[in-house]
Protein chains: 2
Amino acid sequence: MGKTSHISILKNPNLDSSEVAIKNGLSQKRSIILIGHCWVEYNGRARSILEPGERILFIKADGSVLIHRPTGYKPVNWQPSNCYFKISLINDTLIITAIRKKVQESLKIFFDKLFLITVMELVDEGQFYLHVSEKEIQKAILTNPDLLEKAFQPISYEKKIEPGFIDIYGLDKEGKLTVVEIKRGRAGKGAVIQLAKYVDAIRDTASRPVRGILAAPQIMKGVQKMLATLNLDYRKIDLKKCAQTVTFTKATKIQDFF
Amino acid sequence: MGKTSHISILKNPNLDSSEVAIKNGLSQKRSIILIGHCWVEYNGRARSILEPGERILFIKADGSVLIHRPTGYKPVNWQPSNCYFKISLINDTLIITAIRKKVQESLKIFFDKLFLITVMELVDEGQFYLHVSEKEIQKAILTNPDLLEKAFQPISYEKKIEPGFIDIYGLDKEGKLTVVEIKRGRAGKGAVIQLAKYVDAIRDTASRPVRGILAAPQIMKGVQKMLATLNLDYRKIDLKKCAQTVTFTKATKIQDFF
DNA sequence: CGTGCCAGGTGCCAT
DNA sequence: ATGGCACTTGGCACG
């Protein structure tokens, strides 16, 4: 048993001491990494079976579970946070059951050999910032409407109407009611359909002319024609300019623009 | 430095020896777990910054990368398999860069303190089986059409028409053309819209009566009414029976049914 | 809680 | 590569 500042390690533990270590770790809300030979059963929205092999089991302090094979960036089995655990040792097999009760789901991991147990308490207060999401494009356009179109005037955003939410709602330079649908990637037919629905809905309620703009950095093949048919517009969005417009700080909230 | 069958461990290593251990591990195609204090930059389809904190970095033998914070089932940053690495030690900071060249994306992890390095070679030949996906419901209905409706006769599946693909296409016991849309979970409005589109499309081309069936284990509130309005049917699917119908082997392919 | 929709979505399979 | 769509999707926001 080695111990660093806040990490405990067990090398080649027997299953009895493993059981104790895991139970202690869980009760103390530590994160736990188990490396060993195991097999897995999942039952819930679907069902799965993973045959025996050497894997890494990762249980986080918040009760999320990941099982990783030696390849692939995605876990082979998992359980989102807030599940509770049952640990038992039956017939030389250590059984870890992770249960989620909201959606009746259970994950059972059976270990017959453990190579390494790491129990740790990690301190992580760092903020995570993701830039140029759809929300940030929205924010950028609200901050600087010229990014969309000269003299565009936003009225509101995330406006609720029957089919869903309108990304941005405003007036164009002619003063015509305008519905803007934002896509952060290459916009496809789906985006056009969504926009058309919103335009129709607004036209019904407002009973005056309504423009529809698809705002995206790129559109897929055929989308331009589809837009033309439906009498909708496309405005190319410059992600770099959006990124520059949106401040590099998290502090400014979108609400601050109104 | 401790060593088990195929796991090497370094506790509280200095950055110099860490650099060596990581480079060796990578060149030997091992999986590596680093636990330490780090910050992260991601640049690619989007951009992100993760401020300093204690995390787990997991590099797999196939060149995939995961960075996990102490909470949340998803990695905060990642990189899919087959990326290549650059390791450098600059100003008491160990910098690990994981680069994917297909889609120009890079992930940079900066460590100023490492608590634990684990380098391992995992052997995992076990098969993974997943059951009762939408595909398997489809397979089950094709095998035993009574699971959908008495005397239903499938004609084809994944039939391509203008708006997309029809899950199952066939004749009901009256010989009427029938479009089946399958949902593996609780079907919502979206599923009804999808089904309606397909029914309309088929009606246009076939110019004879067409039935539409929504096949799902459950439907959401209001969907029944929506179906009634659009003159579409709902057939409840019994997932247990589907699971029994579909053999518990991975070998059988859906093509074998035609 | 359900409903809607985005995601660095990912993954699979089709043309 | 591009397109269409499911996913144990997860996650957030909002009525």
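Basis for what follows: all heavy atoms, side chains included, without hydrogens, waters or symmetry-related copies. Each chain gets a letter, A, B and so on, in the order its sequence line appears, and its residues count up from 1.
Close to D:dG4, at under 4.0 Å from its OP1 or OP2, lies a side-chain N or O of A:Lys189. Contact between the side-chain N/O atoms of A:Tyr198 and the OP1/OP2 oxygens of C:dC5 is found at a separation under 4.0 Å. The phosphate of C:dA7 (OP1 or OP2) has no side-chain N or O of B:Arg45 nearer than 4.0 angstrom. Considering only side-chain N and O atoms, A:Lys221 lies nowhere under 4.0 angstrom from the phosphate OP1 or OP2 of D:dA1. For the OP1/OP2 pair of D:dT9 and a distance below 4.0 Å, the side-chain nitrogens and oxygens of A:Trp78 include no atom meeting the criterion. Taking only side-chain nitrogens and oxygens, B:Arg184 never comes nearer than 4.0 Å to OP1 or OP2 of D:dC5.
Within the 4.0 angstrom heavy-atom criterion, only backbone atoms of the sugar-phosphate kind lie near B:Glu134; the bases stay farther away. The residue B:Lys183 sits close only to the backbone: its heavy atoms come under 4.0 Å of sugar-phosphate atoms, none of a base. Residue contacts for B:Ser133: at a heavy-atom cut-off of 4.0 Å it reaches the sugar-phosphate backbone alone, with no base atom in range. Using a 4.0 Å heavy-atom cutoff across all strands shown, A:Lys74 reaches sugar-phosphate atoms only and no base atom. Within the 4.0 angstrom heavy-atom criterion, no nucleotide atom of any strand lies near B:Gly44. Using a 4.0 Å heavy-atom cutoff across all strands shown, B:Tyr42 reaches at least one base atom of the nucleic acid.
Atom name P, nucleotides C:dG8 and C:dG4: the rounded distance is 22 Å, in whole Å. C:dC6 sits 14 Å from C:dT10 when the C1' atoms are compared, rounded to a whole Å. Here the separation of D:dC5 from D:dT9, taken at their C1' atoms, is 12 Å to the nearest Å. Rounded to whole Å, the C1' atom of D:dG11 lies 14 Å from the corresponding atom of D:dC7.
Distance alone, capped at 3.5 Å, is enough to place a donor-acceptor pair between the A:Tyr234 side chain and the A:Ala216 backbone. Between the side chain of A:Glu51 and the main chain of B:Gln127, a donor-acceptor pair closer than 3.5 Å is present. Listed for the B:Lys189 side chain is no donor-acceptor partner under 3.5 Å among the backbone atoms of B:Met220. B:Arg55 places a side-chain N or O within 3.5 Å of a backbone atom of B:Cys38 that can act as its donor or acceptor partner.
Look at OH on B:Tyr157: it is 14 Å from C1' on C:dC12, rounded to the nearest Å.
B:Gln79 and B:Tyr42 are not linked by any side-chain donor-acceptor pair at a separation below 3.5 angstrom, with hydrogens and angles left out of the test.
The 5' end of DNA chain C is approached more closely, in terms of each residue's nearest nucleotide, by A:Phe165 than by the other of A:Phe165 and B:Leu107. Mapping B:Gly222 and B:Asn77 onto DNA chain C by nearest heavy atom places B:Gly222 at the nucleotide closer to the 5' end.
For A:Gln194 against C:dG4, a side-chain-to-base donor-acceptor contact under 3.5 Å is absent.
The nucleotide whose nearest atom lies closest to any side-chain atom of B:Ala46 is, among C:dG4, C:dG8, C:dG11, C:dG8.
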